[in-house]
Chemist: 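Sharing a structure, written as structure tokens. Questions coming.
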There are 2 protein chains.
Amino acid sequence: MPKRADLSDTFCPVGRSAELLGDRAVLLILRDLFFGRRRFEAIAANTGLGPQLVSARLKLLEKEGVVERHAYQAKPLRHEYRLTDKGKDLFDVLYAMRGWAERWAYRDGETGGGPAMRYLHRACGTDVGTATICPGCGALLGYGDLKGEPSPALKAEQAARAG
Amino acid sequence: MPKRADLSDTFCPVGRSAELLGDRAVLLILRDLFFGRRRFEAIAANTGLGPQLVSARLKLLEKEGVVERHAYQAKPLRHEYRLTDKGKDLFDVLYAMRGWAERWAYRDGETGGGPAMRYLHRACGTDVGTATICPGCGALLGYGDLKGEPSPALKAEQAARAG
DNA sequence: GATAGTAACTATGATAATCATAGTGACAAG
DNA sequence: CTTGTCACTATGATTATCATAGTTACTATC
């Protein structure tokens with residue numbers, strides 16, 4: 001790519017988000033962070049992205065205040081990456097993307113019947129499907145309210161990438 | 001870029017969405033389509049993307065079943081692009097992106113006080129802010145329920161690009 | 001105490017996507 | 001019959017991405 005046009009000073013809010021989120025690598029890294037993968041190598045392995053790209057994007061996300069680098073051991077200095085509040089607030093975007101894909105992006109029977117990823121409302125145990133409001137108790141759903149459970153097929157895929 | 005890794009057969013729903021949505025041009029074009037811009041030239045002018053990119057992405061979106069090409073005149077054959085149901089269902093994603101940006105992506109006072117883009121609930125007239133449930137009447141908000149109104153600054157920017 | 005990991009990166013070169021700019025085809029209007 | 005509009009396609013320079021290999025700083029094993 002050439003020097004891509006800069007959208008960081010548009011007044012359009014979607015344009016501003018697109019500057020950061022309109023990038024496959026950023027989206028995949030955020031997904032992994034929301035999933036609890038905080039280590040560089042774990043993210044690189046699961047996303048399938050090269051270390052150079054992961055490095056560049058984590059630096060960008062850090063600069064944007066979406067993730068924080070955190071040392072988790074000192075002897076050989078090692079860092080992990082954590083979502084900030086600004087980062088956690090991106091959950092709605094990723095959750096909407098997941099909902100759309102569950103509804104439209106799978107051929108019949110491909111997942112073996114259910115969704116590729118099931119979400120349960122922690123408070124009441126209801127399977128929320130792709131809803132943003134719990135069908136069981138009516139509560140508005142956000143990051144932390146939900147417990148994700150990958151389908152067997154997805155779990156197998158992740159295990160294969162980690163090995 | 002090299003031949004980018006293919007995510008269309010991951011079982012991860014975010015990965016599948018990212019295959020399409022992890023692209024600045026796609027996001028900007030979708031934004032314009034949701035905004036009612038259906039003509040090639042209007043989209044190219046407003047997004048600032050070159051005609052080649054717009055052409056390529058519209059073809060991709062059509063292939064994915066997100067937009068439909070529709071002839072609006074026959075003499076000189078002219079087409080416009082419309083969102084399909086699958087495309088309209090992406091509203092939640094774009095709306096979540098907009099909400100995040102309104103909350104985090106503007107420096108103080110940059111928009112002149114309010115949000116860069118105001119959304120009113122058609123049914124009750126309430127300004128919904130960045131909520132997904134109407135603060136006035138409690139209804140769940142989707143595409144078609146909302147009326148967007150760009151701020152003066154955003155309106156001026158769009159007019160400048162169209163000129 | 002030399003070899004083999006482990007984790008988090010950086011370096012290198014080939015490939016391909018993006019941008020800017022210009023051009024095309026079909027018609028309408030002046 | 002020249003100019004204008006709309007929806008594109010063509011071309012060449014630039015640069016991001018991928019694949020692969022290498023680096024640094026330790027720890028654990030033989």
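Every chain is numbered from 1, with letters handed out A, B, ... down the list of sequences.
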Chemist: Does A/Tyr119 have A/Arg98 sitting over its ring (NZ/CZ under 6.0 Å from centre, angle to axis within 45°)?
Modeler: no

Chemist: With a 4.0 Å cut-off, would you call B/Asp23 and A/Arg24 a salt bridge?
Modeler: no

Chemist: May I have the distance from B/Tyr81 (atom OH) to D/dC6 (atom C1'), rounded to whole angstrom?
Modeler: 11 Å

Chemist: Examine C/dT10: is either OP1 or OP2 under 4.0 Å from a nitrogen or oxygen in the side chain of A/Lys59? Give yes or no.
Modeler: yes

Chemist: Can A/Glu80 and A/Arg69 be counted as an ion pair, charged N to O under 4.0 angstrom?
Modeler: no

Chemist: Can you measure B/Glu62 atom CD to D/dA7 atom P for me and round it to whole angstrom units?
Modeler: 14 Å

Chemist: Whole Å only: how far is the CG atom of A/Leu53 from the P atom of C/dA11?
Modeler: 16 Å

Chemist: Counting primed atoms plus P, OP1 and OP2 as sugar-phosphate and everything else as base, spell out the protein contacts along nucleotides 21-30 of chain C at 4.0 Å heavy-atom distance: B, S or - for each nucleotide, 5' to 3'.
Modeler: -----BSS--

Chemist: Do B/Arg16 and B/Glu19 sit within salt-bridge range, that is, some charged N less than 4.0 Å from a carboxylate O?
Modeler: no

Chemist: Indicate yes or no for a side-chain donor-acceptor contact from B/Trp100 to the backbone of A/Lys86 under 3.5 Å, with no hydrogens or angles considered.
Modeler: yes

Chemist: Return the value, rounded to whole Å, for the distance between atom CZ of B/Arg24 and atom P of D/dT17.
Modeler: 11 Å

Chemist: Does any pair with a residue in residues 28-70 of chain A pass ring pair (Phe, Tyr, Trp, His ring centres under 6.0 Å), and if so which ones, sequence neighbours excluded?
Modeler: A/Phe34-A/Phe91, A/Phe34-A/Tyr143

Chemist: Could you go step by step and tell me if A/Phe11 and B/Tyr106 meet the ring-ring contact (aromatic ring centres under 6.0 Å, His included) rule?
Modeler: CA-CA 9 Å; A/Phe11 282 108; B/Tyr106 295 90; 7.2 Å; no

Chemist: Expressed as a whole number of angstroms, how long is the span from A/Tyr72:OH to D/dC26:P?
Modeler: 14 Å

Chemist: Ring of B/Tyr81, cation from B/Arg37 - is the NZ or CZ under 6.0 Å from the centre and inside 45° of the axis?
Modeler: no

Chemist: Measure the distance from CD on A/Gln73 to P on D/dA25 and round it to the nearest whole Å.
Modeler: 15 Å

Chemist: Would one find a side-chain N or O of A/Ser55 under 4.0 angstrom from OP1 or OP2 of C/dA8?
Modeler: no

Chemist: Please check: side-chain N/O of A/Thr111 versus main-chain N/O of A/Ala116, any donor-acceptor pairing under 3.5 Å?
Modeler: no

Chemist: How many Å lie between CD1 on A/Ile29 and P on C/dC9, as a whole number?
Modeler: 12 Å

Chemist: Residues from residues 31-42 of chain A sitting under 4.0 Å of DNA chain C, heavy atoms only?
Modeler: A/Arg39, A/Phe40, A/Glu41

Chemist: Take the protein atom CD of B/Glu19 and the nucleotide atom P of C/dA17, then report the distance between them rounded to whole Å.
Modeler: 12 Å

